[in-house]
Amino acid sequence: MAGPPRFTSMPQMGNGFRMNFGGPPQPLIGSMMRPTHGGGPANQVTTVFVGNISEKADNEFVKQMLEMCGKVVAWKRMAGVSGKLQGFGFCDFEEPEDTLRALRVLNDFQLGDKKLIVKVEQKHRDQLKAFAEKEAGQPAKPNSEELPASDKALRKDENVRLKILEAIEKDYPDLVKFEDGELEEKEKDAKLKEAKKEGEESKVLSSSLSFFLLFILHSVMYIIPMDRSFSV
């Protein structure tokens, strides 16, 4: 009787996963091969790991953040057995410039009560680093994990960062992180502004009421004849 099939390497699933018999699928970071227009590292779509996502972070907004960095081929946030979204997922970027921007802008980005972890497999990071050095026209610092970038790329990074912060402030205020005591101070400021506004409104109302009473008094004095005779 023939035994079970033997594999020299683990078979792969779609979306960057490796089959692991007897256990959950294991992620393959940077494993999806696909031609690109930019002639980037190894001519492949790079799969980026995005982890430490806050439970407060809406999945669509996380995808929106990634799309601000560049063209997203696919985004998959993992879910548990119950269907609840987990704190990590995988994003496929089409161009190396987009992957580099996501690494520079989103890694360690404060999102709610957590800082995002955005990374790629080390061999792909090395390729991206070499590509970044060529694009920037300067080598990275020795023994540094820093990803070089031209002034133009850095300006674009900053624009993306500002757009993300504006979107958070406008549509997702719950994701704003306050330092210890900062929230209390902001609440105090808000209450002071509200009290000041109420005080100004009260002054206007009081002034209007006083003017109205004076008007009534003047009208009464005009309508009712006053006795101007005096006895000596």
Side-chain angles (χ1 to χ4, degrees), residues 12-18 20 24-34 36 38 40-42 44-129 131-132 145-147 149 153-154 156-177:
Q12 295 182 13
M13 300 171 62
N15 298 325
F17 285 87
R18 175 186 288 126
N20 181 17
Q26 300 297 314
L28 288 172
I29 303 177
S31 64
M32 295 183 65
M33 304 295 294
R34 178 174 172 177
T36 66
Q44 66 183 14
V45 165
T46 310
T47 302
V48 178
F49 171 81
V50 182
N52 208 34
I53 304 173
S54 171
E55 291 185 358
K56 298 178 181 179
D58 180 85
N59 188 50
E60 285 303 313
F61 180 62
V62 176
K63 182 181 178 182
Q64 182 182 341
M65 291 173 63
L66 294 165
E67 289 174 339
M68 288 182 186
C69 292
K71 187 173 181 179
V72 172
V73 177
W75 159 245
K76 177 67 175 179
R77 185 169 173 179
M78 306 310 296
V81 178
S82 64
K84 182 181 179 181
L85 292 175
Q86 302 298 298
F88 70 98
F90 300 90
C91 179
D92 299 330
F93 284 106
E94 185 170 291
E95 301 290 346
E97 294 94 336
D98 306 336
T99 304
L100 287 165
R101 180 152 295 109
L103 292 171
R104 290 194 298 259
V105 174
L106 297 182
N107 188 47
D108 278 340
F109 186 90
Q110 187 76 48
L111 190 63
D113 53 344
K114 296 182 179 180
K115 286 187 177 182
L116 291 176
I117 297 174
V118 180
K119 61 183 180 179
V120 295
E121 197 176 61
Q122 187 58 49
K123 66 178 181 180
H124 294 289
R125 186 179 178 88
D126 293 340
Q127 293 174 339
L128 287 165
K129 188 175 180 180
F131 177 81
E145 287 298 310
E146 179 185 352
L147 295 169
L154 291 175
K156 192 168 183 178
D157 288 354
E158 186 60 23
N159 287 336
V160 169
R161 186 179 291 106
L162 290 175
K163 286 181 180 179
I164 293 173
L165 291 173
E166 288 173 2
I168 290 174
E169 184 177 357
K170 179 181 177 183
D171 301 320
Y172 301 93
D174 289 346
L175 293 178
V176 177
K177 169 68 175 178

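- In this structure, CG in Asp113 is found 10.5 Å from CG in Asp174, a value given to the nearest 0.5 Å.
- Other residues, nucleotides and ligands contribute more than 12 heavy atoms inside 6.0 Å of the NZ atom of Lys114.
- Salt bridge annotation for Lys163-Glu166: absent, with no cationic side-chain nitrogen under 4.0 angstrom from a carboxylate oxygen.
- Identified under the side-chain hydrogen bond (donor to acceptor under 3.5 Å, both in side chains) test for residues 61-70, with sequence neighbours left out: none.
- Within a 6.0 Å radius of CD in Glu169, other residues, nucleotides and ligands contribute 12 heavy atoms or fewer.
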Exercise for the section: Before giving the answer on side chain to side chain contact (heavy atoms under 4.5 Å, CB included), spell out for Met65 and Val105 the whole-Å C-alpha distance, their side-chain angles and the decisive distance to 0.1 Å. Expected result: CA-CA 10 Å; Met65 291 173 63; Val105 174; over 6 Å; no
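- Salt-bridge annotation for Asp157 and Arg104: present, with a side-chain N of the basic residue lying under 4.0 Å from a carboxylate O of the acidic one.
- Looking only at distances, a side-chain donor or acceptor of Asn107 sits under 3.5 Å from a matching main-chain atom of Val118.
- Rounding to the nearest 0.5 Å gives a distance of 10.5 Å between CG of Leu100 and CZ of Phe93.
- At a threshold of 4.0 Å, the pair Asp108-Lys115 does not count as salt-bridged, since none of the basic side-chain nitrogens sits closer than that to a carboxylate oxygen.
- In this structure, Pro173 and Ile168 have side chains that are not in contact, with every pair of non-hydrogen atoms separated by 4.5 Å or more.
- Considering only residues two or more places apart in sequence or on other chains, Arg77 meets the salt bridge (charged side-chain N to carboxylate O under 4.0 Å, His left out) condition with none of them.
- For Gln110 (side chain) and Gly112 (main-chain N/O), a donor-acceptor pair under 3.5 Å exists by modelled atom type.
- Considering all non-hydrogen atoms of both residues, Ala102 and Cys69 come closest at CA-SG, 3.7 Å.
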Handout entry: Stepwise side chain to side chain contact (heavy atoms under 4.5 Å, CB included) check, Leu111 with Leu106
Key = CA-CA 9 Å; Leu111 190 63; Leu106 297 182; over 6 Å; no
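- Residue Leu66 forms a side chain to side chain contact (heavy atoms under 4.5 Å, CB included) with just one option from Val48, Asp98, Val72, and that option is Val72.
- A distance-only check finds no donor-acceptor pair linking the side chain of Gln122 to the backbone of Val120 [under 3.5 Å].
- Partner of Thr99 under the side chain to side chain contact (heavy atoms under 4.5 Å, CB included) criterion, chosen from Val45, Leu128, Asp92, Leu147: Leu128.
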Practice task
Please lay out, stage by stage, how Thr47 and Cys91 fare under the test side chain to side chain contact (heavy atoms under 4.5 Å, CB included).
Solution key: CA-CA 6 Å; Thr47 302; Cys91 179; over 6 Å; no
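- Ala149 and Leu154 make their closest contact through CB-CD2, 3.7 Å (heavy atoms, listed as atom of the first residue, atom of the second, distance).
- Between Arg161 atom CZ and Arg101 atom CZ the span is 10.5 Å, to the nearest 0.5 Å.
- Here the CG-OH distance, from Asp58 to Tyr172, works out to 4.5 Å after rounding to the nearest 0.5 Å.
- When the salt bridge (charged side-chain N to carboxylate O under 4.0 Å, His left out) test is applied to Glu60, no partner is found at least two apart in sequence or on another chain.
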Practice task
Go through Leu116 and Asn52 one step at a time and tell me if the side chain to side chain contact (heavy atoms under 4.5 Å, CB included) criterion holds.
Solution key: CA-CA 5 Å; Leu116 291 176; Asn52 208 34; 5.7 Å; no
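- Ion pairing between a basic and an acidic side chain is recognised when a charged N comes within 4.0 Å of a carboxylate O; Glu145 and Arg125 show such pairing.
- Closest heavy-atom contact between Gly51 and Phe88: CA-CB, 3.9 Å.
- Between Phe49 and Glu121, every side-chain heavy-atom pair lies at or beyond the 4.5 Å cut-off.
- Going from atom CG of Leu175 over to atom CG of Leu165 covers 11.0 Å, rounded to the nearest 0.5 Å.
- Here the straight-line distance linking atom CD1 of Ile164 with atom CZ of Phe61 works out to 6.5 Å at 0.5 Å rounding.
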